Amino acid sequence: MSYSELELNRIAKIERMRERGEEPYPHRVERTHRIDEARAAYEAAVAAGADTHNTGVEATICGRLRSLRSMGRTAFCHVEDEGGRLQLMLRSNDLGKEWLKQFEKDYDLGDFVEAKGSLMLTRTGEVTLLVSALRMISKAIRALPSAKEVVDEETGERTVYSAFDNPEARYRERYADLAVNPDVREVFRSRAKVVSSIRRTLDDANFLEVETPVLQPIYGGAAARPFTTHHNQLKQELYLRISFELYLKRLLVGNIERVYEIGRDFRNEGVSYKHNPEFTQVEFYWAYADYFDVMDLTEQMIGNAAKAVFGGTTVGEYEGHEIDFGKFQRIRLADAIQEKTGIDFTQFTTQEALAAEMKAKDIKCDPAMPRGKLIDKLISDFVEPFLIQPTFLYDYPIEISPLAKKSADDPLIVERFEGFVAGMELCNAFTELNDPIDQENRFKLLQDMYGSEDDEGHPIDEDYIRAMSYGMPPNGGFGMGIDRLTMLLTNKHSIREVLLFPHLRDDKQD
RNA sequence: GGGUCUGUAGCUCAGUGGUAGAGCAGGUGACUUUUAAUCACUUGGUCGGGGGUUCGACUCCCUCCAGGCCUACCA
C-alpha cells in the first residue's frame, strides 16, 4: 500500500496525537444520544419552557465529521450518524486556545468523533451541540470523496456540488458511496423493506421458509447457463444453482404444502441493466392452488412490498410513470400478441405455419427458430415493452414452459403467467406439472430440441422425476427477481443501483 | 459478443499538436455565531496501460484495460 501526500499527512497527525497521549482509535466510546434523539431531546426541553440558547440538555454523540469551519477562536462542524446531522460549536473559551488549535490541525473531514456538550440554538437558528469535550474515536487516512453541500433553510433541500457520482467508482468503492450519498443508503433500506415484506406476506400465509442447495450436481428449473465449480476431495463437478424450483417441489412430495425460499441464483449470461450474474429470487410453491390463486397472492405480495417502501400506498413512480403496484391487469398472452401484431399464435400450431405468418406480416425472425422461440420473440418485441402498468400475461405456449401443467382445453397451452411492470419481466408462475410421465416426456422433448446445441441443452434430473413419481400434490408455483422489484420500487433504472456490490471486472492497470 | 461514448489532481470537470488548468478537498497563516464561511499564500499529475507518427503527443493513429448507454444472448 502506497500513500499519497494527503494520506501521509494524516498519518503524521496520528503520530502527533499519540505523542500527546491521545489514542486516535480508542476501544470504547460513550454515546448517550443518536443525533435524531438529541434533536428530540432539544425540542422536548424547549417545549417544556427551556431557554433555546441554553437548554441545559446534555448529550454525547458519535459520528463522522462532514463539515469543518474554523473561525479562529470558534469552530463549527457537522457530525453525521444514522440519525442525521448535528452542528457542533467549539469555542476556545470552553476548550482552551491550545486545544482548539490542535483540533484544527489534527481533525479532518471523515474522522469519527465523540462529542459531549449541551444543546442550544445558534444565532442563525440551528440546533447545535455546544461542545465541552471532544475526542477522536477513529481517524480517517483517506479523504472521502466528499462534495460541498448546502441545505436550503426553507425547503430543507440538499444541493450537492461536485457529487461523487461516477458509477464505476461508486460501485467499486460502495463504502465511500454509502458514506457520502444518503440517498444510496436509502435505496438499501428500501431493499431490506422489500425483502422483509415478502417474507412477512408468505409467513402470514403459512408458508415455510427453507434453504436448498446452492451447489448442485444437476442444475435446472430455468433456461440459463450455469457457473461450474469443482469439489476437490469428492472429485465432483458441481453447478451453482440457476433456480430453486426442482428442490422446492421435491418438498411438496415430502408433504410440505406451502414452501418458499429467498436466496441467490447464479446465471452465466450477459450482464445488462436488468441482469447481474448473481441475483436474489423468491420462489414459492403452494399445494392445492393453481395459477389464478398464485396471481392473487402475487398481487397481494407486491402490493404489500410497495406499501412497505412507499409508506402505506401501493402507488409509486417509475421513470415518469405513476404506477399502482397493488393491481395487475390480466390479459391472455394470445390476445396481447394478437392486439399488437394481428397474429393469433394459437391458430398456427406448427413452427412452419407460424414462421410463414410472421414473414407475411413482415416480422423479421430467424426462420429456423423453434415455435416457442418465435412466440417468445413476439412477446419481447411487441408486447413486453408496452406493459408499463402492472400486467399478468397468462396461458403460454407449451414449448417454452417445460415445468408447467397443460391447459385442460388446449394441449399446446400451459397454465402459466408472467408479470410485467414498466416494460420489464418481473415474475413467472404456473400451475406446476405434477404428472411424472408427462414431465419425463417434456424433458426428453427438450433434449431432442436442444440436445445437439451444448448451450441450450439441459441435463435431465432423474431424481426429480423419481420424486414426482411418489406423488406430488397439484400446486401453483412462483418466482420473482427481488432486485428487479426493488428497482421498480426505488425508481432505479439499473440493477447495479440496487445491489450493494454489483459484479465488475477486475480493474487491473494493464 | 457487436455498436457507441467516456477515462486528466483525493472529488467534480475544462483543456484537442507547442512549458498540464479551475473549483472543492489538502498545507501555512488571519478571523470568537459560521453554515458552499471568507481572505492571503501554497502543495499535489505515470493526462487509464502499451506501442507508433512527429522536432515535439493529454491532443493524431494502432492496440489493450475498465466503465456508461444501446444492442445481442437469456426452456
Side-chain angles (χ1 to χ4, degrees), chain A residues 3-10 12-13 53 66-78 85 87-94 97 100-101 104-105 108-110 120-126 128 130 140-153 158-173 176 180 220-225 242-243 245 267-275 370 372-373 376 380 396-404 414 416 425 428 442-443 445-447 449-450 455-458 493-494 496 502 504-510:
Chain A
Y3 294 107
S4 70
E5 185 194 348
L6 193 146
E7 289 155 8
L8 289 171
N9 201 291
R10 292 193 177 196
K13 294 178 184 188
H53 292 288
R66 291 307 309 276
S67 77
L68 200 49
R69 294 176 297 284
S70 163
M71 312 286 302
R73 303 270 163 73
T74 305
F76 291 90
C77 48
H78 280 97
R85 284 186 185 203
Q87 180 169 260
L88 308 184
M89 178 158 66
L90 307 161
R91 296 192 303 204
S92 63
N93 283 3
D94 306 321
K97 215 169 149 183
L100 195 62
K101 201 94 187 158
E104 287 170 10
K105 285 199 181 300
D108 292 289
L109 297 184
M120 57 157 312
L121 200 68
T122 61
R123 260 183 231 164
T124 50
E126 180 164 348
T128 295
L130 179 60
I141 289 175
R142 290 181 70 89
L144 282 172
S146 69
K148 277 286 175 184
E149 308 182 357
V150 58
V151 181
D152 189 294
E153 279 176 33
R158 181 194 301 252
T159 311
V160 182
Y161 299 85
S162 61
F164 181 49
D165 63 0
N166 177 290
E168 182 179 0
R170 285 181 47 236
Y171 300 149
R172 287 197 194 280
E173 300 199 15
V180 147
R225 277 169 289 185
I242 58 172
S243 86
E245 176 147 3
R267 295 186 183 177
N268 205 339
E269 311 266 347
V271 299
S272 80
Y273 74 92
K274 54 183 175 181
H275 297 270
K373 287 218 160 191
D376 211 23
S380 46
Y396 273 61
I398 190 166
E399 293 93 331
I400 52 175
S401 317
L403 298 161
V414 294
R416 171 182 176 187
E425 184 192 333
N428 181 24
R442 299 262 206 110
F443 279 157
L445 268 175
L446 270 177
Q447 278 219 323
M449 199 179 308
Y450 295 109
D455 277 1
E456 307 265 1
H458 268 51
H493 186 65
S494 168
R496 295 180 162 199
L504 297 172
R505 294 175 204 244
D506 290 345
D507 60 340
K508 298 239 169 69
Q509 276 298 302
D510 48 351

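Not measured: the values here are computed from a predicted model. Because only heavy atoms are used, hydrogens play no part in the values below, and waters and symmetry mates are left out as well, while side chains stay in.
As judged by a 4.0 angstrom heavy-atom cut-off over every strand, A:G270 is placed among the base-contacting residues. Across all strands shown, A:R442 has no heavy atoms under 4.0 Å from either base or sugar-phosphate atoms. Contacts of A:L504 with the nucleic acid, taken as non-hydrogen atoms under 4.0 Å apart, involve only primed sugar atoms and P, OP1 or OP2. At the heavy-atom level, A:R170 lies nowhere under 4.0 Å from the strands shown. Across all strands shown, A:V414 has no heavy atoms under 4.0 Å from either base or sugar-phosphate atoms. Counting non-hydrogen atoms under 4.0 angstrom, A:H493 reaches the backbone sugars and phosphates but no base. Among the protein residues, A:N166 comes within range of the sugar-phosphate backbone only, with heavy atoms under 4.0 Å from sugar or phosphate atoms but none that close to a base. Looking at heavy-atom distances under 4.0 Å, A:K97 makes no contact with the nucleic acid at all. Nucleic acid contact for A:T128: none, since no nucleic acid atom lies under 4.0 Å from a heavy atom of the residue.
Distance from the side chain of A:E5 is smallest to B:rU43 among B:rU43, B:rU28, B:rA75. Here the nucleotide nearest the side chain of A:R73, chosen from B:rC74, B:rA25, B:rU32, is B:rU32. For A:S92, whose side chain is taken as the heavy atoms from C-beta onward, the closest listed nucleotide among B:rG27, B:rU32, B:rC13 is B:rU32. Residue A:E269 places its side chain closer to B:rC73 than to any other of B:rU33, B:rC73, B:rU43.
The CZ atom of A:R123 sits 9.0 Å away from atom NE2 of A:H53, with the distance rounded to the nearest 0.5 Å.
When the side chain to side chain contact (heavy atoms under 4.5 Å, CB included) test is applied to A:T128, the partners found at least two apart in sequence or on another chain are A:Q87, A:M89, A:M120, A:T122, A:E126. The salt bridge (Lys or Arg N to Asp or Glu O under 4.0 Å) check on A:D165 picks up nothing, with sequence neighbours excluded. With sequence neighbours left out, the side-chain hydrogen bond (donor to acceptor under 3.5 Å, both in side chains) criterion links A:R91 to A:D94. Evaluation of the salt bridge (Lys or Arg N to Asp or Glu O under 4.0 Å) rule for A:K101 yields no partner, not counting sequence neighbours.
As rounded to whole Å, 11 Å separates atom P of B:rC74 from atom NE2 of A:H275. Atom P of nucleotide B:rA25 and atom CG of A:D108 are separated by 12 Å, given to the nearest angstrom. A:E399 places its CD atom 13 Å from the P atom of B:rA75, with the value rounded to the nearest Å. Between the NE2 atom of A:H78 and the P atom of B:rA37 there is a distance of 9 Å, rounded to whole Å. Rounded to whole Å, atom P of B:rA25 lies 12 Å from atom CG of A:L6. Atom-to-atom, OH of A:Y273 to C1' of B:rC69 comes out at 12 Å; the value is rounded to the nearest Å.
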Atom pairs under 3.5 Å, N or O on each side, protein against nucleotides 4-7 of chain B: can you list them with distances?
none

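In RNA chain B, consecutive stretches of 3 or more Watson-Crick or G-U wobble pairs with both distances under 3.5 Å are given as paired ranges: B:1-7 with B:65-71, B:10-13 with B:21-24, B:26-30 with B:38-42, B:48-52 with B:60-64.
Of the side-chain N and O atoms in A:K373, one or more sit less than 4.0 angstrom from OP1 or OP2 of B:rC74. Within the structure, every side-chain polar atom (N or O) of A:R69 is placed at least 4.0 Å from both OP1 and OP2 of B:rU38.
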